[in-house]
Each structure stands twice: as structure tokens, then as C-alpha cells.
Amino acid sequence: MQPDDLEQLADAAFWLGRPREAIAARQRAYAGHRDANDHERAARAAWKLFHSHFELNETALASGWLNRAHRHIAEVPDSVERGYVAIAAGMWSRFTGDLDDSVAQAALAHEIGHDHSDLNLATWGLAVHGGMLAARGDIAAGVALLDEAMVETVSGELSPFVTGWIYCYLLKTCQALGDVSRAGEWTEAAVRWCEQQGVSSWYPGGCRLHRCEVASLR
């Protein structure tokens, strides 16, 4: 099976809620890209594997894949994938307690997305930048960036993965800040958009859980 086919298989497994199958397929895709010396696509597979393991709380594996992504992106420093690796690096810095670096990495991701006209990356970077600023204590500036990112998110122009990720990230941030009103308002907007697309939520498990939590808090 070719790397492109394996990437599609990994994506399908992800949306079916089968993370282990997604990881297995993505690892095989990564190996194909690596063996072909396609550093850009190898970096893409590596940062996706970082997120897969990070969400499963497998932090040692996540760290290893992030390091591998950095190694590949060093070979193609002008690639847009550098911005996606920066998103992963920002999340890792937040996990390790380096909030200044997490803010810097998110700002870099937004900048690279803007420079490459990659709306997914620019908006994702904006959202993470806002969340990291809020975590660092600059709540007003942080939630303002999150609101701006969500305006783009509910426009329907982003990929399903980035759309769902930003929405869940906003809810987590609002819950951490105790801003139930903002979480509820964006949840209602997101639900309306989902219904227009003929689906009940982006991430069937995570999004429904957060929606229940917000409803309970309200």
C-alpha cells in the first residue's frame, strides 16, 4: 500500500474512533515518506503522530515523534509544515511548563500560516496563541484571539480536523477560566453550523462530552 493510501486509511480510522489503527497506518505512511526522502510529508506524518499519542497521554512517544518532526523540518525550513510542527511544539511546551515558548511557537505558526496563505494553519495558530496567552495570565488578549479564531472556524472553510480541534480547545480553555457564558455561546454557534452540514458534532466523542459539561455548568 502506498503512503498516500495509508494516510487516508489513518484518517478514516481516526474519524471512526480507532486511534490505535490510525497510529499503525500513519506509522507505515511515515516510513514510506522517510524512505523516499520526502522530508516535508514525513514531518507531516510525524506531527500527526505526536498529536495522536499526546491525546492518549503517551507523552514519551509523543516527545519522540515531535523530535522526529523537528529533524525532518530542519531539512525543509521554508516548508509550511514548519508551522504545523510549531503547533505541536507549543502544545509540548505548555505540557512541560514553558508558557513563554508555547506562546512564541503559536505566534510563529500563525505567522507561517499567513505567509503561506494556509488558512487552517493561520487559524489554528491564532487559537493556540490565544489559549497560551490566557494560560500565562493575559486572559483578555487570549480570549479575544480565541473568539477571532472561532469566527473563522464556524465559517466552514477549515478542514474537519482543525475545525473540531479548535472548537474543543476553545471549550477546554473557557472551562478552565470558568467562562461558561462564552463556552455556551460558541457551543450554540457550533451546533447550528454542524446542523447545517447534516452532522451532530465534529468529534462525536469529545465534542459531545464538552457540550454536556457546558450544559451542566449552565
Can you give the donor-acceptor pairs under 3.5 Å from side chains of residues 121-136 to other protein atoms, not counting sequence neighbours?
unit_1 : atom_1 : unit_2 : atom_2 : d
T123   : OG1    : L119   : O      : 2.8
R136   : NH1    : D100   : OD1    : 3.0

Is it the case that one hydrophobic cluster holds both [X] and [Y], taking links as side-chain heavy atoms less than 4.5 Å apart, direct or via other members?
X   : Y    : result
F95 : W65  : yes
I23 : M1   : no
L61 : M91  : no
V80 : V162 : yes
L16 : L6   : no

Report task. Just do the side-chain contact (heavy atoms from CB on, under 4.5 Å) check on L9 and D5 with the steps written out, would you? Result -> CA-CA 6 Å; L9 180 60; D5 298 324; over 6 Å; no
Query raised in the report: Is the count of non-hydrogen atoms from other residues, nucleotides or ligands lying under 6.0 Å from N57 atom CG greater than 12?
Result: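 Counting other residues, nucleotides and ligands, CG of N57 stays at 12 neighbours or fewer.
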Pairwise side-chain contact, [X] with [Y], heavy-atom cut-off 4.5 Å (strictly under):
X    : Y    : result
P19  : F14  : no
H116 : I112 : yes
W15  : P160 : yes

Query - Residues in salt bridge (Lys or Arg N to Asp or Glu O under 4.0 Å) contact with D11, at least two apart in sequence or another chain - result: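 Per chain and number, D11 pairs via salt bridge (Lys or Arg N to Asp or Glu O under 4.0 Å) with R26.
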How many angstroms lie between atom [atom1] of [X] and atom [atom2] of [Y], to the nearest 0.5 angstrom?
X    : Y    : atom1 : atom2 : value
L145 : L170 : CG    : CG    : 12.0 Å
L108 : Q105 : CG    : CD    : 6.0 Å
E152 : L158 : CD    : CG    : 6.0 Å
I87  : R82  : CD1   : CZ    : 13.0 Å
I166 : L146 : CD1   : CG    : 9.0 Å

Cut-off 3.5 Å, no hydrogens considered: what does the side-chain donor-acceptor table look like for residues 45-54, sequence neighbours left out?
unit_1 : atom_1 : unit_2 : atom_2 : d
W47    : NE1    : E81    : OE1    : 2.8
S52    : OG     : K48    : O      : 3.1
H53    : ND1    : E58    : OE1    : 2.7

Requested in this report: Among E40, R41, R34, H33, find the one that has a side chain to side chain contact (heavy atoms under 4.5 Å, CB included) with H72.
Outcome: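 The passing option is R34.
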What are the two closest non-hydrogen atoms of [X] and [Y], and how far apart are they?
X    : Y   : result
A109 : G83 : CB-O, 3.4 Å
A22  : A13 : N-CB, 3.5 Å
A69  : V85 : CB-CG2, 4.0 Å

Report task. Just say parallel, tilted or perpendicular for the rings of H114 and H110, cut-offs at 30° and 60°. Result -> tilted
Go through the side-chain N and O atoms of [X] and [Y] and say whether any donor and acceptor fall under 3.5 Å apart.
X    : Y    : result
D101 : S93  : yes
Y84  : N120 : no
R68  : Y30  : yes

